[in-house]
Amino acid sequence: MTKKLLALTLGLSGTALAAALVLPAVAQESLLPEGFGKPADTPAPRPAPTPSPTPAPSSTAAPKGGQSGATTLAPSTVATLDSGDTDTSDEASDGEEGTSGQLKYDLPPGARRLLTRVGPLTPETGGMAPDAFGVRGQYAAAIMRSMRGQVASRWGQILLRRALASAIDTPDTISGADLAADRAGLLLRLGESTTARMIVQSVDYDRATPRLVATAQQTYLANADPSGLCPYVPAGLAHGDEQSWRLAAAMCAGMSGEAGPAGWAIGRVRSSGKISNFDILLAERVLGATGAGRRSTTIEWDKVGRLTSWRFGLATATGIDIPAPLRATEAGSIRSWTVLAPMTPMGDRIAAAPYAASRGVLSSEAYVSLLSAASSEEEPPEALAAQTDLLRSAFSGANAADRYTAMAEYWSVGTGATARYAALVATARAAAALPTGADVGADPWQLLGSMLTAGYDNRAVQWVSKLSVGGHGWGIMAVGSPRPLTGVGAGSIGSFASDDDSAETLRSKFLLAGLAGLGRIDAGQASSAASDLGVDLGKQTRWTRAISEAAQRREPGMVALLAAAGMQGEWDKIPPYHLYHIVRALHDVGLDAEARMIAAEALVRV
């Protein structure tokens, strides 16, 4: 099998290659092990657009354009100081007026980045081909803006992150800066704050459109980096939320050692009455940290009702603890931002880590490294110490029986579906290292599921001979194996369904959907099994037609985006026909490994 290593994870620095995801002490590795799956035959990319002459800093954005059907998707929302969303206004920008003449740019013209291709990942570094999203720019952007940001599948999010981070050609129908804003905005809602920053930084700041300026504000707040706002202040004051950008201007003045302008700007915002005093105090706290503040600032959270990106970013940047009651109600995206922000207290990072691991924000190795770092601190919490002791035994127990016993106990410790799945993520490498001669019971479905959370499909398939046809583990491998299993048909699916304890036999329906999407069951057998299960995999909707047409056009990026759009929410709310169309479309565009992992994950998580 040809080896394939996808550089799916991105770091905290501005490079496109994998760097430190969680610092200190946690290094993020590729989420796919060496030899995972079979590489896709990447369609030959279309010739790159001929670069236009390098525009001046005051150049305008690309012409506006539209696609039929795009306007019927969910409307966008405009970012404000109290909003965790990015600016997703449908109005295309007329450029950077208000920024030219005010910003100094030190790069020579030949080093400027063009807007015709934006993104850090190339095919050589694990990204998709430049034409992966096709030519329907406004349509793709509308889908991105319509998505809430919670994808049921960990593997679906990993694939989507890879697609959004790829260096893709900008269609003629949209500005490259606006498309970058929509890509970064979706990544923020997914919790992928470091990748979002890479997309923002792929566009020279003096070419940022109003939409990208608003997204940049949210991105640097999500990364707890108020200094990153400074280059965008002039454009923000001209086109954005004026009061929040005045506070940003004050903080940037303080970072430059200019206490006078900083104090004047904050006074003006306070007198406007448009911003809560708490949010102004956080900005003053940043000023105090720079030495430009005139007095100490006390932060009291007792009257704060919710945690916004502004509050998260400035509190985290200045070392202010966020109260547990606010943490308990924070959005899922902020939980992932918390894990990725190295200055966050370790206790908060550990509390949020299971969510991030289950969503694909953290790889298995990064999750284990974070737990190890936390347990190495002086006097770690007793519960954490006990869990890491179990995890340590799972990796380095005296024999295979001891290691498997530790794994099984570790899988049962967590409370709730998210914690239980995150436990499978943590033990992936330990599970893959377990010899097939170990006694793991009659149906080691959790062991197999654990391996597949990190893509160890070649290792998992070595257990197939020990599985009983129709068992839970057999079903996982029937869709997750790199090679089709023998004897798969309506009868074996019926055997699987007879022991299915999921609500409304959803697990069995997902099994059929996965097998049919991968082409591992013939049409007659699939029809018979569908009749027995009472499921219609052929149901047609606007979404099914869109993803099928994207697959026919050989657009893997668009397929990945539409697949994620079809898996919003939790697994128990995903219709089986959605999984069928997702798996089939991914298979058709050469993303067979990802199709198999998503299908297998569905059987593990329901």
Side-chain angles (χ1 to χ4, degrees), residues 57-58 78-84 86-87 93 95-106 200 204-206 208-301 303-304 307-320 322 343:
S58 59
V78 179
T80 65
L81 181 63
D82 287 334
S83 171
T86 59
D87 180 6
S93 165
E96 295 76 30
E97 64 270 25
T99 65
S100 60
Q102 301 182 55
L103 300 176
K104 180 181 179 182
Y105 209 90
D106 295 326
V200 169
D204 293 337
Y205 67 79
D206 64 333
T209 58
R211 187 183 299 174
L212 183 56
V213 168
T215 303
Q217 184 184 71
Q218 299 298 316
T219 298
Y220 284 103
L221 290 172
N223 283 277
D225 181 13
S227 66
L229 302 175
C230 298
Y232 302 92
V233 166
L237 290 172
H239 301 294
D241 177 1
E242 182 179 2
Q243 301 306 321
S244 67
W245 282 108
R246 286 192 185 281
L247 289 179
M251 291 186 290
C252 293
M255 294 175 202
S256 299
E258 300 175 353
W264 176 84
I266 283 186
R268 186 170 179 180
V269 173
R270 182 171 273 123
S271 64
S272 74
K274 296 180 180 180
I275 299 294
S276 74
N277 190 58
F278 180 83
D279 293 320
I280 297 172
L281 288 174
L282 286 173
E284 289 184 324
R285 185 63 175 259
V286 174
L287 283 177
T290 68
R294 296 182 178 179
R295 58 186 175 85
S296 61
T297 304
T298 301
I299 303 297
E300 299 289 348
W301 295 87
K303 295 182 180 180
V304 176
L307 188 60
T308 64
S309 57
W310 181 271
R311 293 162 187 172
F312 167 83
L314 298 192
T316 302
T318 53
I320 300 171
I322 298 173
M343 67 289 289

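With a 4.5 Å cut-off on side-chain heavy atoms, Met251 and Leu282 do not count as touching. Between Val213 and His239 the shortest side-chain heavy-atom distance does not fall below 4.5 Å. Contact of the Val200 side chain with the Tyr232 side chain is registered, since non-hydrogen atoms from C-beta on lie closer than 4.5 Å.
Not a single side chain to side chain donor-acceptor pair (under 3.5 Å) links Ser256 to another residue, sequence neighbours left out. Residues meeting the ring-ring contact (aromatic ring centres under 6.0 Å, His included) test with Tyr220, sequence neighbours left out: none. The side chain to side chain contact (heavy atoms under 4.5 Å, CB included) test applied to Ala317 returns Ala224, Pro226, not counting sequence neighbours.
The CG atom of Leu247 lies 8.0 Å from the CG atom of Asp279; values are rounded to the nearest 0.5 Å. The distance from atom NZ of Lys303 to atom CG of Asn277, rounded to the nearest 0.5 Å, is 10.5 Å. Rounded to the nearest 0.5 angstrom, Gln218 CD and Asn223 CG are separated by 11.5 Å.
Applying the ring-ring contact (aromatic ring centres under 6.0 Å, His included) definition to pairs two or more places apart or across chains, those involving residues 257-284 are Phe278-Trp301. Residue pairs satisfying the disulfide (SG to SG under 2.5 Å) criterion with at least one member in residues 240-284, sequence neighbours excluded, are listed as follows: Cys230-Cys252. Sorted by first and then second residue, the salt bridge (Lys or Arg N to Asp or Glu O under 4.0 Å) pairs involving residues 242-256 (not counting sequence neighbours) are Glu242-Arg246.
Counting all heavy atoms, side chain and backbone alike, Ala250 lies closest to Ile266 at CB-CG1, 3.6 Å.
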